[in-house]
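Have a look at the structure below before the remarks.
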Number of protein chains: 2
Amino acid sequence: MLEGRWKMVIIFHLFARGVLRFSELEKSIPGVSQKMLIQQLRELERDGVVSRTVYPQVPPRVEYGLTDWGEAMCPALDALLEWAAMRPGRAANDAKSG
Amino acid sequence: MLEGRWKMVIIFHLFARGVLRFSELEKSIPGVSQKMLIQQLRELERDGVVSRTVYPQVPPRVEYGLTDWGEAMCPALDALLEWAAMRPGRAANDAKSG
DNA sequence: CAGAATCCCATTGGATACTG
DNA sequence: CAGTATCCAATGGGATTCTG
């Protein structure tokens, strides 16, 4: 359910910065295409991780944020990041090649 | 780095059951092909999550287990599982259709 | 601005056969 | 038993174009 090239990145941004507009996410995530962004957002919405709010105005304004359940994921995400940071052999070990 | 259809499943089994042989993993994970199993195991090994031990004998015996760092992932994995279990609207909410 | 539709390629993943 | 090699289908993902 969290599979997909950009899902974790999206969640991370929504986690760190709160509610974001489509274009804000687009700017915040270099390399993502509109298609991918909307697609992964839809899937996350469908799975109840993110919520989507449309403001009926022009120009269109759509905001994405984490649902309660999505926010509840943060400790897990945090644990995962801490684990990743613990990865051995990253700097002190690599004196050979410069 | 954890992307891939079977990686989480593999890690979960190694986490729950300790060191496992190739064939044991194969039996434990219905639907996985040898190709996928070996491929994902190699990637996990390359990333330092699992360790691979070869016993030079016939018939060949190869055992896979989590590295120290891989084991350190368990709290994070656990947090993720707890989060998944918290998912709302799974049973009590769905009285309409059955 | 936000999103849909289309086309296209690269990667992933699966079935099968073969080897030491 | 453990792994490799090959072929094939499905999906993932990207560039572009179009719309309200």
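Everything numeric in this text was worked out from a predicted model, so none of it was measured. The chains referred to below are lettered A, B, ... by the order of the sequence lines, with proteins before strands, and numbering in each begins at 1. All values below come from the heavy atoms of this structure, side chains included, with hydrogens, waters and symmetry mates left out.
Nearest nucleotide to the side chain of A:Gln34, out of C:dC7, C:dA4, C:dG13: C:dA4. Of the candidate nucleotides C:dC1, C:dG14, C:dG20, C:dC1 has the atom nearest to the side chain of A:Ser23.
The CD1 atom of B:Ile11 lies 12.0 Å from the CD atom of B:Glu71; values are rounded to the nearest 0.5 Å. A distance of 10.5 Å separates NZ in A:Lys35 from CD in A:Gln40, rounded to the nearest 0.5 Å. For the atom pair CG (B:Leu44) and CG (B:Leu2), the distance works out to 7.5 Å, reported to the nearest 0.5 Å.
A straight line from CD of A:Glu45 to C1' of C:dG3 spans 13 Å, rounded to a whole angstrom. Atom pair A:Met36:CE and C:dA2:C1' shows a separation of 16 Å (rounding to whole Å applied). Atoms NZ (A:Lys35) and P (C:dC7) sit 12 Å apart, rounded to a whole Å. Rounded to whole Å, atom P of C:dA2 lies 11 Å from atom CG of A:Leu20. The interatomic distance linking A:Leu41 (CG) with C:dG3 (C1') rounds to 11 Å, in whole Å.
Heavy atoms of other residues, nucleotides or ligands lying less than 6.0 angstrom from CZ of A:Arg52 number more than 12.
A donor-acceptor distance shorter than 3.5 angstrom exists from the side chain of A:Trp69 to the backbone of B:Trp83, with no hydrogens or angles considered. In terms of modelled atom types and a separation under 3.5 Å, the side chain of A:Lys7 and the main chain of A:Met1 share a donor-acceptor contact. For B:Thr67 (side chain) and B:Gly48 (main-chain N/O), a donor-acceptor pair under 3.5 Å exists by modelled atom type.
Remark on DNA chain C: of its neighbouring residues B:Val32 and A:Tyr64, the 5'-side contact belongs to A:Tyr64, judged by nearest-heavy-atom nucleotide. When each of A:Arg42 and A:Pro59 is assigned the nucleotide of DNA chain C bearing its nearest heavy atom, the one mapping closer to the 5' terminus is A:Pro59. Residues A:Arg5 and A:Pro60 each lie close to DNA chain D; by heavy-atom proximity, the contact nearer the 5' end of the strand is made by A:Arg5.
B:Gln40 comes within 4.0 angstrom of the backbone, heavy atoms only, and of no base. Using a 4.0 Å heavy-atom criterion, one finds that A:Tyr55 contacts no nucleic acid atom at all.
With a cutoff of under 4.0 Å to any heavy atom of chain B, the contacted region of DNA chain D is bounded 5' to 3' by D:dC1 to D:dC7.
One end of the helix from C:dC1-D:dG20 to C:dG20-D:dC1 points its axis 40° away from the other end's axis, with each axis taken from 5 pairs and the angle rounded to 10°.
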Between B:Thr53 and B:Arg61, does the side-chain hydrogen bond (donor to acceptor under 3.5 Å, both in side chains) criterion hold? Intermediate values first, please. CA-CA 8 Å; B:Thr53 311; B:Arg61 176 191 187 87; over 6 Å; no

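Between A:Arg61 and C:dA2, a side-chain N or O to OP1/OP2 separation shorter than 4.0 Å is absent.
Using a 4.5 Å heavy-atom cutoff, the side chains of A:Val32 and A:Trp6 are in contact.
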